[in-house]
Structure formats: C-alpha cells, structure tokens
Student: 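Encoded as structure tokens, here's the structure I'll be asking about.
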Amino acid sequence: MEKMSPTVDRISSLPNELLCHILSFLPTKQAVATGILSKRWGPLWRSVSTLDFNDESYLQKRTFFYWYRSVQSVYTVMLRRDVAQPIKRFILACSFCDVYTVSTWIMTAIEHRAEHVSLSLNPLITLSCSILSSRYLVVLELSGPTLRGISSCDFPSLKTLHLKMVHLRECRCLVEILAACPVLEDLFISSLRVTSSYCHGGDQLRLSKLVRVDISDSAYLACIQLPTLSNVKFLRTDVVQLRTTFVGLFTFVNLTYLELIVDAHYWDWLLKLLHCCPNLQILVIDKGNSFNKTSNDENWVYSHLVPKCLSSKLKTCRFQKYEGWECEFQFARYIMQNARALCAFTICSTGFSPLAAKFQMIKRLSSCPRISITCKLSFE
C-alpha cells in the first residue's frame with residue numbers, strides 16, 4: 001500500500017500580514033484562542049486590526065463571575081495588543097457595563113485611529129458625542145444608547161452613519177449630528193427615541209455627498225428636508241413622511257432605487273413622485289402593516305400622463321404584500337402597460353391569502369398586456 005505523504009500546513013506558511021487579516025474576520029475571543037496553535041500563532045492576535053467584543057457568555061450565565069471575566073478579557077486585550085498597530089474596526093455589543101467602562105474602551109479605540117466603530121449598548125448608557133468625534137472615523141453604527149453633547153461632535157471623514165433605537169433629547173439633535181458629517185454618503189435611521197419632536201434648521205444641511213438614505217420606520221425625515229436628498233441614488237422610506245416633506249416639484253435626478261412603504265389614499269401622489277424620478281430603475285412598493293382599504297381606493301383611476309422613468313428607465317418592480325384589491329391591481333396594470341424597459345415584475349402576496357384567492361390574483365395579473373416584450377411576471 002502506498003505510503004501517504006504528511007499533511008502540509010499551508011496556512012501557517014502565509015505571511016503574518018495575511019494571517020492577521022484573516023483573524024480580523026473572527027470575534028476577538030476566537031482570534032486570541034488561535035494563539036494555542038503554535039509559537040508562531042501566539043502573538044499574532046496582538047496585531048489584528050479588528051476588535052470585536054460581545055457579552056454573550058455573561059448573557060448566558062448572568063453571574064458576577066462571568067461579568068467580571070468579560071470585563072477583564074476586554075481590558076486584557078486592550079492592554080496587551082501591539083500599540084503600534086492601529087485599530088481599524090472596533091465592534092462592541094455590551095449590555096452589562098457602566099458608562100465609565102464603555103467610554104474608556106471607546107476612547108481607546110478612537111485614540112488608536114479607529115475607522116469603523118459599531119456599538120450596540122444598553123439603553124441606559126449615555127454617551128457624549130465628544131468621545132466619538134474623530135477625523136479618522138469613516139463608519140459609525142450606534143444601537144441603543146442615549147447621546148448627549150451633540151454640539152461638540154465633529155465627524156469630518158464620516159461616510160456611513162447608522163442610528164438604531166438611539167435616544168436623542170430633541171429632533172434638532174439629529175440635524176446637528178448630520179451637520180457635523182460634511183462628507184456623509186450612507187444614512188440609516190430606525191426607531192429613534194426622541195424626547196421632543198420639535199425640529200428646525202433642516203434646510204441648513206448641505207450633504208452634497210449623500211447617496212443612500214434609509215429611514216424606513218422613522219418620523220424624522222422632515223428634519224432633513226428634500227434639498228439634502230438631491231443627490232441620493234438609493235432611498236427607502238415611508239411614503240407618508242416623504243409626502244410631508246415634499247415641497248413643490250423637486251426632482252431626484254440621480255435616484256435609481258426607490259422603496260416606499262405606502263398606505264391608502266397615496267396612489268395618485270405616488271405617480272406624482274415617479275414624475276420626479278426621471279432615472280429610476282428599481283421600484284419596490286411595500287404596503288406595510290397598517291394598510292387599510294377604503295371605498296375611495298376602489299375608484300382609483302390613474303392618469304394617462306406617463307412618468308419618464310416608466311417610458312424608458314424602469315427595469316425592475318416589486319410589489320410586496322399584494323392582496324388583489326382593485327387599487328392594487330390598477331397600479332400593477334399601469335406599470336405593466338407603460339414600463340417599456342421593464343424586465344422583471346414580482347408580485348409578493350401576503351401569507352394570509354387563501355390559495356384560491358392567490359390563483360385568481362395570478363390569473364388576473366397574467367392576463368394584463370405588457371408593453372415590454374422582455375418583462376417577466378413572477379409570483380412569490
């Protein structure tokens with residue numbers, strides 16, 4: 001029997017820089033654990049540019065011992081890593097520490113020129129924006145904490161800002177945060193907790209680099225104002241909130257992706273909006289969870305004026321939570337009859353619709369003429 005050659009350890013033969021890059025995709029606890037593989041692997045974790053901590057062990061046990069060990073492990077890594085190596089990414093999911101401890105860890109990361117900071121914290125934690133301010137920070141993701149000291153924040157290099165379940169004293173604070181991000185490109189806002197909804201000064205924002213905005217379930221789009229969205233290419237929001245801020249005929253020249261959560265009575269306005277999106281290529285319509293049909297919806301009649309995007313640009317359309325109501329059918333038919341460049345039209349029915357009703361919806365929609373010979377109608 002032929003003798004098998006010994007297994008070659010090709011990974012360990014890679015240069016340290018590449019091994020550190022591989023380790024950067026692991027949680028820090030696992031990256032440190034690789035140190036037991038060999039003497040060469042022992043010190044590698046100290047040069048990894050990503051620190052990714054979570055309190056999973058404490059959440060499972062909820063004892064003082066695991067809390068103490070979790071805190072000490074973070075401090076140990078912070079103190080023993082190679083200080084000559086910058087911290088490019090700092091990720092912290094923590095629901096058990098006090099504000100002093102968390103602030104110390106964040107400041108350490110900021111002082112080491114962190115470019116990406118992602119924090120998921122206890123809602124009782126209050127952070128000062130001053131400790132987050134950095135000219136090196138490019139990505140900031142916050143979930144849970146209360147923010148104060150907004151006027152002192154400064155993010156000259158920040159391109160991505162994600163705020164989820166963050167508590168602000170008033171809506172004006174959001175404007176001040178955005179004003180401190182002159183090169184912002186990607187904005188995501190979800191479930192903000194604002195003590196006072198009073199807002200002013202949104203028209204002073206000049207976010208000329210902003211290209212992606214997702215404010216799906218927030219009532220704070222009015223703080224931003226439409227001129228701020230003039231260059232966006234991707235927009236996901238509630239049609240009610242967008243209508244609230246819609247002043248005159250504002251044209252979204254660069255908008256190619258639009259996803260709207262619609263409600264009753266807004267079909268006519270949705271068509272008006274499409275007239276203001278001449279280069280739209282992807283349209284997603286989501287009825288949300290609070291859509292209520294009224295008698296007026298049954299009589300909805302669309303205009304014979306066709307938006308420019310339908311005539312030449314729209315390639316993909318998706319209708320989510322379709323139930324076959326007359327207003328929905330009329331709008332779907334309007335898209336198929338006027339979208340000359342349409343390649344894919346997807347209808348997603350609700351999970352509550354009976355099979356017989358779904359069959360009738362499919363049969364009725366399939367019978368509609370399509371002006372685009374390449375249009376593929378599919379159902380989910």
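What you see is a predicted model; the values in this text were computed from it and never measured.
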Student: Which ILVMFWY residues can you reach from Val138 by hopping between side chains whose heavy atoms are under 4.5 Å apart?
Tutor: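 Other cluster members: Val139.
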
Student: Can a donor-acceptor pair be found, under 3.5 Å and without considering hydrogens, that links the side chain of Arg364 to the backbone of Cys368?
Tutor: no

Student: Can you tell me if Arg81 uses its side chain to pair, donor with acceptor, with the backbone of Val48 under 3.5 Å?
Tutor: yes

Student: Is there a donor in the side chain of Tyr322 and an acceptor in the side chain of Gln320, or the other way round, less than 3.5 Å apart?
Tutor: no

Student: Determine whether a donor-acceptor pair (N or O, by modelled atom type, separation under 3.5 Å) exists between the side chain of Ser133 and the backbone of Asp154.
Tutor: yes

Student: Kindly assign one of parallel, tilted or perpendicular to the pair His21 and Phe25, based on the angle between their ring planes and the thresholds 30° and 60°.
Tutor: perpendicular

Student: Is Glu328 reaching over with its side chain to a backbone N or O of Glu323, donor-acceptor style, under 3.5 angstrom?
Tutor: yes

Student: A cation-pi test, strictly: NZ or CZ of Arg318 under 6.0 Å from the centre of the six-membered ring of Phe345 and no more than 45 degrees from its axis. Yes or no?
Tutor: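 Here Arg318 fails the 6.0 Å and 45° test against Phe345.
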
Student: Ignoring hydrogens and geometry beyond distance, is a side-chain donor-acceptor pair present between Thr346 and Ser378 at under 3.5 Å?
Tutor: yes

Student: Leu132 vs Leu142, test: side chain to side chain contact (heavy atoms under 4.5 Å, CB included). Steps then yes/no.
Tutor: CA-CA 11 Å; Leu132 293 169; Leu142 297 178; 4.2 Å; yes

Student: Report yes or no: does Ser47 contribute a side-chain atom to a donor-acceptor pair with the main-chain N or O of Pro43 at less than 3.5 Å?
Tutor: no

Student: For a quick test of your reading: what N or O donor-acceptor pairs under 3.5 Å do the side chains of residues 105-113 make, sequence neighbours left out?
Tutor:
from: Thr108; atom 1: OG1; to: Thr104; atom 2: O; distance (Å): 2.9
from: His112; atom 1: ND1; to: Thr108; atom 2: O; distance (Å): 2.8
from: Arg113; atom 1: NE; to: Tyr136; atom 2: OH; distance (Å): 3.4

Student: Run the numbers on Asp52 and Arg89 for salt bridge (Lys or Arg N to Asp or Glu O under 4.0 Å), then give the verdict.
Tutor: CA-CA 8 Å; Asp52 184 353; Arg89 289 201 308 159; 6.0 Å; no

Student: Check Lys159 with Glu115, please: is the shortest side-chain N to carboxylate O separation under 4.0 Å?
Tutor: no

Student: For Pro15, enumerate each residue passing the side chain to side chain contact (heavy atoms under 4.5 Å, CB included) test, keeping only those at least two apart in sequence or located in another chain.
Tutor: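 In terms of side chain to side chain contact (heavy atoms under 4.5 Å, CB included), with neighbours along the sequence ignored, Pro15 is linked to Glu17, Leu18.
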
